[in-house]
There are 2 protein chains.
Amino acid sequence: MALEHALLVSLRERAASGSELTRRFDKSFGYFWSATHQQIYRTLARMESDGWLTSEVVPQQGKPDTKVYAVSPLGEKILAVWLTEAPTDAPLRSELAVKLRGASYAEDRAGVLAMARAQREVHRTRAAAYEQMLQRQFPHPEELSDADVDRYLVLRAGVRVEEGWIGFLDEYRTTHERRASGATDKEAR
Amino acid sequence: MALEHALLVSLRERAASGSELTRRFDKSFGYFWSATHQQIYRTLARMESDGWLTSEVVPQQGKPDTKVYAVSPLGEKILAVWLTEAPTDAPLRSELAVKLRGASYAEDRAGVLAMARAQREVHRTRAAAYEQMLQRQFPHPEELSDADVDRYLVLRAGVRVEEGWIGFLDEYRTTHERRASGATDKEAR
DNA sequence: ACAGGTCTTGCAACTTGTTGCATAGGTGTT
DNA sequence: AACACCTATGCAACAAGTTGCAAGACCTGT
């Protein structure tokens with residue numbers, strides 16, 4: 001599993017409570033590792049009982065107390081080791097790819113093409129969001145600290161992946177448009 | 001869920017048994033949707049009892065009987081509808097991104113860079129495999145049937161995604177190399 | 001004939017992730 | 001004080017995905 005390690009990274013960036021972590025995993029961190037608050041609370045509890053984290057109850061202004069977790073020396077050690085290990089190759093799951101591959105079994109190819117066009121917009125919007133975050137958070141990429149340059153670079157990865165999808169969805173659309181217009185005679189086989 | 005729909009697509013391409021589907025999901029189909037044989041057998045059983053599939057026991061030469069599933073009219077209908085719906089946005093989970101973002105908490109950045117280099121090779125190899133499949137299976141992309149052009153295009157998506165990672169991992173490496181050599185004075189902040 | 005292999009199907013137990021709901025402290029409004 | 005409303009933490013039940021194992025069919029070699 002790797003949620004625990006994602007939590008270690010986030011907590012090393014700054015100690016936090018479950019709800020604060022939930023917010024992070026809905027925003028920036030969540031762009032490459034998502035989790036629900038339930039998962040997070042449960043995992044934090046387990047990590048603490050395993051000695052990876054320490055916690056401290058902190059009273060707040062105008063809000064209920066929070067339980068703020070920090071990475072213990074054991075947790076730091078575990079993270080340091082994990083970081084250099086090869087990632088366990090993710091199970092690669094693209095619902096979009098399944099749909100596009102199955103497009104010829106829809107009643108109407110136009111419906112799938114419309115979905116693909118909408119999907120292209122989704123990716124375009126997401127890429128734009130990343131780019132805006134890059135500009136706002138890292139206006140001078142040459143002068144970043146060690147930890148910040150990695151946050152910067154991972155955002156760059158996000159942009160590239162999104163652009164990969166956009167490029168593909170354009171290829172998908174133009175290929176099918178060309179076929180629909182020019183090559184109606186070849187439709188059967 | 002979407003394994004059921006992935007199975008519908010695969011079974012519409014050609015009726016098959018659980019073990020045959022397991023093989024497909026380890027190869028081509030598995031490049032964008034993976035599943036274990038257990039998942040597949042259990043899901044097929046449920047789909048049949050829900051009337052999405054029909055099955056037939058087929059004796060084989062030199063092997064135990066197999067239970068070959070085919071998509072029922074109900075299954076076809078369900079698939080046709082599903083194909084045009086927007087994909088439920090996948091939970092985006094990149095263990096590599098987590099590791100790269102946390103790189104500054106490793107004992108030694110060199111270890112993470114080595115891991116990243118190895119990872120680049122993994123993606124390069126995978127991209128090459130896709131390209132080979134493209135060349136072998138679709139030597140003449142202009143003359144493909146409706147179902148085949150989609151198989152072709154989805155492979156193209158695979159190539160693009162892999163190339164996106166390669167491009168990023170190159171950027172990652174050169175950025176850190178530049179920092180390590182030139183800018184040792186800025187290391188602290 | 002029987003030991004050893006492999007193929008197909010499948011059960012059981014476990015882990016991971018999701019959804020719905022609950023409790024308790026705090027605020028603000030009436 | 002009573003009420004609605006918000007935040008933070010958490011329980012419980014469920015769904016999805018993984019791992020380990022095994023039974024039965026069939027082959028091959030001895």
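Naming: A, B, ... by sequence-line order, numbering from 1 per chain.
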How about A:E177: does its CD atom have over 12 heavy atoms from other parts shown lying under 6.0 Å from it?
-> yes
Shortest non-hydrogen contact from B:Q60 to B:D65?
-> N-OD1, 4.2 Å
Whole-Å distance between D:dG10 C1' and A:K67 NZ?
-> 10 Å
Any donor-acceptor pair under 3.5 Å linking the side chain of B:K99 with the backbone of B:A116?
-> no
Is A:R42 side chain donor-acceptor paired with the C:dT18 base, going by distance under 3.5 Å alone?
-> yes
Rounded off to whole Å, could you give me the CG-to-C1' distance for the B:D65 and C:dC7 pair?
-> 12 Å
Which nucleotide sits closest to the side chain of A:Y41: D:dG10, D:dG17, C:dG17?
-> D:dG10
If the plane angle is over 60° it's perpendicular, under 30° parallel, otherwise tilted; pick one for A:F32 and A:F29.
-> tilted
Taking CD from B:E56 and C1' from C:dT8, how many angstroms apart are they, rounded to a whole number?
-> 17 Å
Criterion side-chain contact (heavy atoms from CB on, under 4.5 Å) on A:H176 and B:V149, from CA distance to verdict | CA-CA 9 Å; A:H176 276 297; B:V149 79; 3.5 Å; yes
Tell me: NE2 of B:H37 to P of C:dC11, nearest whole Å?
-> 12 Å
Name every residue in residues 9-23 of chain B that has at least one heavy atom under 4.0 Å from any atom of DNA chain C, in order of residue number, or write none if there are no such residues.
-> B:S17, B:G18, B:S19, B:R23
B:L44 atom CG is separated from C:dT8 atom P, nearest whole Å, by 14 Å
Spacing between B:I40 atom CD1 and D:dT18 atom P, to the nearest angstrom = 10 Å
Establish, from distance only, whether the side-chain atoms of B:R23 and B:S19 form a donor-acceptor pair under 3.5 Å.
-> yes
Counting side-chain heavy atoms from C-beta on, which of C:dA12, C:dT8, D:dT7 comes nearest to B:Q38?
-> C:dA12
B:Y69 OH - C:dT8 P separation (whole Å) = 14 Å
Correct closest heavy-atom pair for A:V112 and A:A103 would be CG1-CB, 3.7 Å
Quickly work out the B:Q61 CD to D:dT28 P distance and round it to whole Å.
-> 11 Å
Are A:Q39 and C:dT16 close enough that a side-chain N or O sits under 4.0 Å from OP1 or OP2?
-> no
